[in-house]
Amino acid sequence: MPELSKSYEPGAIEARWAEFWVREKLFSVPTPPPGETRPVFTLLLPPPNVTGSLHMGHMFEQTQMDIMVRWHRMRGFVTLWLPGTDHAGIATQLMVERQLSKEGKKRRELGREKFIERVWEWKRQYGSAITDQMKRLGASVDWDREYFTMDENLSRAVREVFVRLYEEGLIYRGKYIVNWCPRCETAISDLEVKHEEVAGKLWEIRYPVIGTKEFITVATTRPETMLGDTAVAVNEKDERYKHLHGKKVLLPLMNREIPIITDELAQPEFGTGAVKVTPAHDPNDFAAGKRHNLPQIAVMDEHARMNQNAGPYANLDRYEARKLVLADLQEQGFLVGEKNHTLALGKCDRCGTVVEPRLSEQWFIKIKPLADRAREAVEGGEITIVPDNYRQIYLNWMTNIYDWCISRQLWWGHRIPAWSCEGCKEVIVAREAPARCGKCGGSKLEQVSDVLDTWFSSGLLPFTTLGWPEKTRDLDVFYPNMLMITGFDILFFWLARMIMFGCHFMQGHKQDAAIKRASGEGDKKDDSVPFRHVYIHALVRDADRQKMSKTKGNVVDPLDIIRRFGTDATRFTLAAMAAPGTDIAFSESRTEGYRAFANKIWNAARFMFMNVERVEPGLTPDKVQFTEQSLEDRWIHSRFRGTTLAVNSALSNYRFDHAALSIYDFFWGEFCDWYLELIKPRLASENRATAAMACANLVYLFDAALRLLHPVMPFITEEIWQAIYEGKAPQKSVALVGYPQADQKQIDLAAETEMAILQDLIVSVRNLRAELKVEPKEKVPIQLFVHEPAIRTVIEQNRNAVERLANVEAIVFVDQTPAGKGAGRSTARFDVHVIYEAKIDLTAECERLKKELEKLEKGIASGQRQLSNEQFLAKAPQSVVENLRKQQLELAILREKTEGKLKELSCV
RNA sequence: AGGCCCGUAGCUCAGUUGGUCCAGAGCGCUUCCUUGACACGGAAGAGGUCGAUGGUUCGAAUCCAUUCGGGCCUACCA
């Protein structure tokens, strides 16, 4: 076997294997032909924005996905992890606009076509940054199937979906109030508006009622919109205003007569009970306006500047206009109140600009029919969501859902497949550009300029990436995807939309029955769902639990962490901290600790190689069996199987933290700390056969442990695994060999118990030595009283181990608790004394014993209390009572011993 | 306004259906050890009445209520 470099340096190793995996196309998956009987595991990568660069959130998500993917692959699943990137409409357009502005150019000057060309150019140049980074992380995706949401085939599918929905009457076009970002100059969906509580004002304005001396007072947070008022509403039941029904008011500043209407919009309890109605600038007012046939007067343009309808305020920015309107109202005596008022201000998710409700022509999806099926799929258990609380959040949202505005006034994106006829203004929706108008026959048709919401196309990915709308073998095999792993921040944006679209467009789809059964999903009824299981992961925050964001400057760059600690250690950190439900505060100190773990593995491997080289060069795991020759063999084999069980079970429950920590504890705490120490004499044995057998076990176990760890730490495990085989490995990569499996029946409880006693004894002696301040190199004799003969036999059989690991000269077995200078330790099973001249620190020892006695007394007292409680005896399960009795017996023995010791030392 | 989550050792977090994993892990800290895999190491330690109060129970960090503190999501009340 080859010599590993003395110190563990992840950088070079990782880059090499990352490159190897991609070059060898290890994770490319040919479509299995009919007749395939293996289970299939499909996972779609949530496509990062092309504009993105890898942040901790990506790495966290990808680590979990890669663990699941590698785990399934090693367990024999045909495993497809499908990567791609998202064109990210607004984000990308912003990026390129910024680039242009550096050159002193503007998007509109360039024109649409040229601009789009620029974006593509940008994409060609920078678009692979994030996928390159993914490669470095070792993400075991199928790069041969990589997609981009603007690829021609995906774009065609988008058009197909749009046209079908339109034909089904699920897409409509109309003039409605939408959330409008004046900065991005586009409509955005409800989800893209982030509400922020801010301290604002509520202004009260009085409008003179025509033909009376009265005024009617309304309240508003956006006084500038009063310029577009077309009515004042009061509640029909409101006694205060009954006499004004049917009258008109004179709108101040604009001197326009507008009616007083009665509408439920006005709630008597709020404010003055009268409300101004501005149908063009508020969704509620819009609805009220529809009910009363009110005119819609828009007073702002797409930049949120006042327009011609605002009369003297035209061309003012909305906030300047606000100031001026207020000043004028004040001056003319109409402003009668100003109150502090906290309001939830809507801001554009992308750029933070305050969103303005705006009346405009947009395209919408009629969401109810889609949502109903999407809700049923989850309610009926066809899709499972973990953690469970997200299930309810999802269902709530699906139940209270509004129509989805899908059109965007952007240039970068999937253009809406609709054309308007210059002649008759007819709008034609079609898969390809129509030659002439179906209504008037005119041939001057122009495509609608809007593009689709980015999430429209990403919502289709589970089936469009598999070839839809064609009926492909890929769809038969890989649809539904087995799993979706994503963050709750895009639960509604993406996950919900995928479910809606999948359930709608894949209705009637049947997955290959044999594969479905083999994959363990045979009992599922509905194959239209985009995926069968969803795991929602938490968010990564910085060490102070703050959301990482560029503006805060607290972004932890994963590449920096990787450079310093290695990808494996970083992955391990993320996995170990991935307890579901809670966000993780990324802490470097943990990563440092796990780099130490990697280093430990590295050095354990060096130890193995050193021995194999000496004892039996050329020994490889595929040529050996594990033979249980001793207690430590039985023990470690059982512990390995226990760990295997724990890891497999943890992973099937998405408990990445449990999985990672189980392996950690096993490898370091048991395999390295105890097993390696215990077998050293055998490895060094003069007897070649003994040494060879020990070596074989070592290699066997190491190989198995590497496979167990591989999904979490793919690089170091690959490096060592390949080294074990010296280039003659049975497979190209450890990623392609079998994952350890175990059975509860294989657990050797006896071996584990015996070993625990042995460890207990060794630790006790070490403890005594430390207390007695015995020179580390000095061997001391011990006296040992063992209560049960069977245990005495175990210790006798392993006396060499005790002598070596506890640095003991000789074990003398005695027939009763050894008396003497008090350098002893007692457990329920044995009493051990170290024979050593040095005086012990009497005060300290007394202190320790007293503390111990106190603890024992406490335990005994509480135990007695319970055992004398008839209710407890009657109601508690038998096993609990028995265990408690057993424990009480042990405690009593220990108390006796401790008291004896205290007396012996004459402690006060 | 409604809903959700969190509050356990100095720090970051585990703690499965309430009982012997009522207290764990990593880092940090203390003492000792440069013994041929590893000082990114080894050995031995110190450290928490599980936010607060009340309740359910034979028994609660674990269930319920209230309360305080921190975070998040959803919401068209002018």
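Atoms considered below: every heavy atom in the structure, side chains included; atoms not considered: hydrogens, waters and symmetry mates. Note on naming: letters A, B, ... go to the chains in the order of the sequence lines (proteins, then strands), and numbering restarts at 1 for each one.
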> State the pairing partner of rC72(B); accept Watson-Crick or G-U wobble contacts with both distances under 3.5 Å, and report none otherwise.
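The answer is rG3(B), by the H-bond criterion.
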> Between atom CD in Gln759(A) and atom P in rG42(B), what is the gap in whole Å?
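Roughly 15 Å, once rounded to whole Å.
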> Quick check for you: among rG41(B), rC4(B), rA75(B), whose closest atom lies nearest to any side-chain atom of Ala344(A)?
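So the nucleotide nearest the side chain must be rA75(B).
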> What contact category does Ala605(A) fall into here, base, sugar-phosphate, or nothing, at under 4.0 angstrom with non-hydrogen atoms?
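Contact class for Ala605(A): none.
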> Checking all strands, does His341(A) fall into the base, sugar-phosphate, or nothing category for heavy-atom contacts under 4.0 angstrom?
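Since only primed, P, OP1 and OP2 atoms lie under 4.0 Å of His341(A), the category is sugar-phosphate.
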> Surrounding NZ of Lys779(A) (heavy atoms of other residues, nucleotides or ligands, distance under 6.0 Å), is the total greater than 12?
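Atom NZ in Lys779(A) is crowded, with more than 12 foreign heavy atoms closer than 6.0 Å.
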> Does Lys600(A) qualify as a cation-pi partner of Tyr664(A), given the criterion of NZ or CZ under 6.0 Å from the six-membered ring centre and within 45 degrees of its axis?
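No, a cation-pi geometry is absent between Lys600(A) and Tyr664(A).
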> What nucleotide, of rU34(B), rA14(B), rA37(B), holds the atom closest to the side chain of Leu676(A)?
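Closest nucleotide among those given: rA37(B).
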> Looking at every strand, decide which applies to Leu265(A) at a 4.0 Å heavy-atom threshold: base, sugar-phosphate, or nothing.
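Base: the residue Leu265(A), judged by heavy atoms under 4.0 Å, touches a nucleobase.
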> Verify, without hydrogens or angle tests, whether Arg614(A) (side chain) and Leu683(A) (backbone) share a donor-acceptor contact under 3.5 angstrom.
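Yes, because the side chain of Arg614(A) sits within donor-acceptor range (under 3.5 Å) of the backbone of Leu683(A).
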> Select one nucleotide: of rC77(B), rC40(B), rC73(B), the one nearest the side-chain heavy atoms of Gln267(A).
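From the listed options, rC77(B) comes nearest.
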> Work out how far the P atom of rA14(B) is from that of rU31(B), and round it to whole angstrom.
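Rounded to whole Å, the distance is 32 Å.
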> Mind checking Phe565(A) for me? I need base, sugar-phosphate or nothing, with any heavy atom below 4.0 Å counting as a touch.
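Counting heavy atoms under 4.0 Å across all strands, no contact is made by Phe565(A).
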> With the side chain of His195(A) defined as its heavy atoms from C-beta on, choose the nearest nucleotide among rC27(B), rA37(B), rA75(B).
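The answer is rA75(B), which lies nearest to the side chain.
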> For Ile762(A) and Asp657(A), take the nucleotide of RNA chain B holding the closest heavy atom to each; which residue's nucleotide lies nearer the 5' end?
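The 5'-side residue here is Asp657(A).
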> Side chain of Phe488(A), heavy atoms from C-beta onward: which of rC32(B), rC72(B), rC38(B) has the nearest atom to it?
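Taking heavy atoms from C-beta onward, the closest nucleotide is rC72(B).
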> Could you tell me how far rG54(B) sits from rC73(B) if I compare only their P atoms? Round to whole Å.
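Rounded to whole Å, the distance is 35 Å.
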> Using modelled atom types only, decide if a donor and an acceptor are shared between the side chain of Arg769(A) and the backbone of Asn807(A) within a distance under 3.5 Å.
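Answer holds: yes.
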> Taking rA39(B) as the reference, what is the distance to rU35(B) when you measure between their C1' atoms (whole Å, please)?
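After rounding to an integer number of Å, I get 13 Å for this pair.
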> Under 4.0 Å: is that the gap between some side-chain N or O of Arg590(A) and OP1 or OP2 of rU12(B)?
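No, outside the criterion.
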> Can you tell me how far C1' in rG26(B) sits from the matching atom in rU67(B), rounded to whole Å?
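Looking at atom C1' only, rG26(B) and rU67(B) are 34 Å apart.
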> Any idea which of rC76(B), rC72(B), rU12(B) is nearest the Pro283(A) side chain?
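The listed nucleotide nearest to Pro283(A)'s side chain is rC76(B).
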> Is the distance from OP1 or OP2 of rA43(B) to the nearest side-chain N or O of Trp674(A) less than 4.0 Å?
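So the side-chain polar atoms of Trp674(A) never come under 4.0 Å of the phosphate oxygens OP1 or OP2 of rA43(B).
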> How close or far is atom P of rC77(B) from atom CG of Asp238(A), stated in whole angstroms?
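That distance rounds to 21 Å.
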> Which whole-number value in Å describes the distance from Phe702(A) CZ to rA37(B) P?
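To the nearest whole Å, that distance equals 14 Å.
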> Counting any heavy atom closer than 4.0 Å, what does Asp673(A) reach on the DNA or RNA strands: base, sugar-phosphate only, or nothing?
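The answer is sugar-phosphate, as Asp673(A) gets under 4.0 Å only of primed atoms, P, OP1 or OP2.
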> Need to verify one output field. Residue with the more 5' nearest nucleotide on RNA chain B, Met610(A) or Glu592(A)?
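Mapping each residue to its closest nucleotide by heavy atoms, the 5'-most match is Glu592(A).
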> Could you check whether Ser589(A) and Glu592(A), counting side-chain N and O atoms only, form a donor-acceptor pair closer than 3.5 Å?
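No, Ser589(A) and Glu592(A) have no side-chain donor paired with an acceptor closer than 3.5 Å.
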> How would you label the contact of Leu491(A) with the nucleic acid (heavy atoms, under 4.0 Å): base, sugar-phosphate, or nothing?
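Contact class for Leu491(A): none.
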> Can a donor-acceptor pair under 3.5 Å be found between the side-chain atoms of Tyr594(A) and the base atoms of rC27(B)?
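Checked by distance alone, the answer is no.
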> Please give, in whole Å, the distance from rC72(B) C1' to Lys194(A) NZ?
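Atom-to-atom, Lys194(A) to rC72(B), this comes out as 11 Å.
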> For Asp190(A) and rA75(B), give me the distance from atom CG to atom C1', rounded to whole Å.
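Rounded to the whole Å, the gap is 10 Å.
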> Hey, is the side chain of Lys773(A) poking within less than 4.0 Å of OP1 or OP2 on rA44(B), counting only N and O atoms?
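For rA44(B), neither OP1 nor OP2 has a side-chain N or O of Lys773(A) closer than 4.0 Å.
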> Categorize Phe597(A) for me: base, sugar-phosphate, or nothing, with a 4.0 angstrom heavy-atom threshold over every strand shown.
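Answer is nothing: Phe597(A) stays at 4.0 Å or more from every strand.
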> Whom does rG41(B) pair with, Watson-Crick or G-U wobble, provided both distances fall under 3.5 Å?
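Matched rG41(B) with rC33(B) under the 3.5 Å cut-off.
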> Closest approach to the side chain of Phe492(A), judged atom by atom: which nucleotide of rC4(B), rC38(B), rC73(B) is it?
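Nearest to the side-chain atoms of Phe492(A), counting from C-beta on, is rC73(B).
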> Suppose we define a pair by two distances each less than 3.5 Å, Watson-Crick or G-U wobble; what does rG47(B) pair with here?
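No nucleotide pairs with rG47(B).
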> Would you indicate which nucleotide in rA37(B), rU34(B), rA14(B) comes nearest to any side-chain atom of Arg655(A)?
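Among the listed nucleotides, the one closest to the side chain of Arg655(A) is rA14(B).
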> What's Arg769(A) touching, base or sugar-phosphate or nothing? Going by heavy atoms closer than 4.0 Å.
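Touches nothing.
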> Have a look at Ala770(A) and say if it touches a base, only the backbone sugar-phosphate, or nothing, with a 4.0 Å heavy-atom cut-off.
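Sugar-phosphate, no base atom in range.
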> Is the Tyr675(A) to Phe667(A) ring centre distance short of 6.0 Å?
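Aromatic pair excluded; centres sit 6.0 Å or further apart.
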> Considering only atom C1', compute the distance from rG28(B) to rG48(B) and round it to an integer number of Å.
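To the nearest whole Å, 16 Å.
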> Under a 3.5 Å cut-off for both distances, is rA14(B) Watson-Crick or wobble paired, and to whom?
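Across any shown strand, rA14(B) pairs with none.
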> For atom C1', what is the distance between rG15(B) and rA37(B), given to the nearest Å?
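My reading of the C1' atoms in rG15(B) and rA37(B) gives 34 Å.
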> Base, sugar-phosphate or nothing for Val763(A)? Non-hydrogen atoms, less than 4.0 Å.
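Sugar-phosphate: the residue Val763(A), judged by heavy atoms under 4.0 Å, touches backbone atoms but no base.
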> If pairing requires Watson-Crick or G-U wobble contacts with both distances under 3.5 Å, which nucleotide is the partner of rA65(B)?
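WC or wobble partner is rU53(B).
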> Would you indicate whether Arg804(A), at its atom CZ, is surrounded by more than 12 heavy atoms from other residues, nucleotides or ligands within a distance under 6.0 Å?
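For Arg804(A), atom CZ is crowded (more than 12 foreign heavy atoms under 6.0 Å).
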> Identify whether any heavy atom of Arg766(A) sits under 4.0 Å from a base atom; if not, whether one sits that close to sugar-phosphate; answer base, sugar-phosphate or nothing.
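Touches sugar-phosphate only.
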> Could you tell me whether Glu677(A) contacts a base, only the sugar-phosphate backbone, or nothing, with contacts defined as non-hydrogen atoms closer than 4.0 Å?
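If one applies the 4.0 Å heavy-atom cut-off, Glu677(A) turns out to touch a base.
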> With Val712(A), which of Phe572(A), Tyr594(A), Phe656(A) fulfils side chain to side chain contact (heavy atoms under 4.5 Å, CB included)?
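Of the listed options, the one satisfying the test is Phe572(A).
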> Can you see if the side chain of Arg614(A) gets near the phosphate of rA37(B) - specifically, an N or O under 4.0 Å from OP1 or OP2?
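No, Arg614(A) has no side-chain N/O under 4.0 Å of OP1/OP2 on rA37(B).
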> Can you tell me how far P of rU12(B) sits from CZ of Phe572(A), to the nearest Å?
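From Phe572(A) CZ to rU12(B) P: 21 Å.
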> Please report, rounded to the nearest Å, how far the C1' atom of rA43(B) is from the CD atom of Glu771(A).
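Result: 14 Å.
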> Roughly, in whole Å, what's the span from CG in Leu661(A) to C1' in rC27(B)?
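Whole-Å distance recorded here is 14 Å.
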> Is there a side-chain polar atom (N or O) of Lys680(A) under 4.0 Å from OP1 or OP2 of rU35(B)?
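No, because none of the side-chain N or O atoms of Lys680(A) sits under 4.0 Å from OP1 or OP2 of rU35(B).
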> Is the side chain of Arg766(A) donor-acceptor paired with the backbone N or O of Leu805(A) at a distance under 3.5 Å, no angle test?
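Yes; judged by distance alone, with no hydrogens or angles, the pair exists.
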> Can you tell me how far C1' in rG51(B) sits from the matching atom in rG70(B), rounded to whole Å?
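rG51(B) and rG70(B) have their C1' atoms separated by 11 Å.
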> Just checking Trp203(A): base, sugar-phosphate only, or nothing, at a heavy-atom cut-off of under 4.0 Å?
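Here Trp203(A) touches no strand at all.
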> Which one of Asp229(A), Asp263(A), Asp285(A) satisfies the salt bridge (Lys or Arg N to Asp or Glu O under 4.0 Å) criterion with Lys276(A)?
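The passing option is Asp229(A).
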> With rounding to whole Å, what would you report as the distance between rC11(B) and rA52(B) at their P atoms?
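Taking atom P in both rC11(B) and rA52(B), they lie 15 Å apart.
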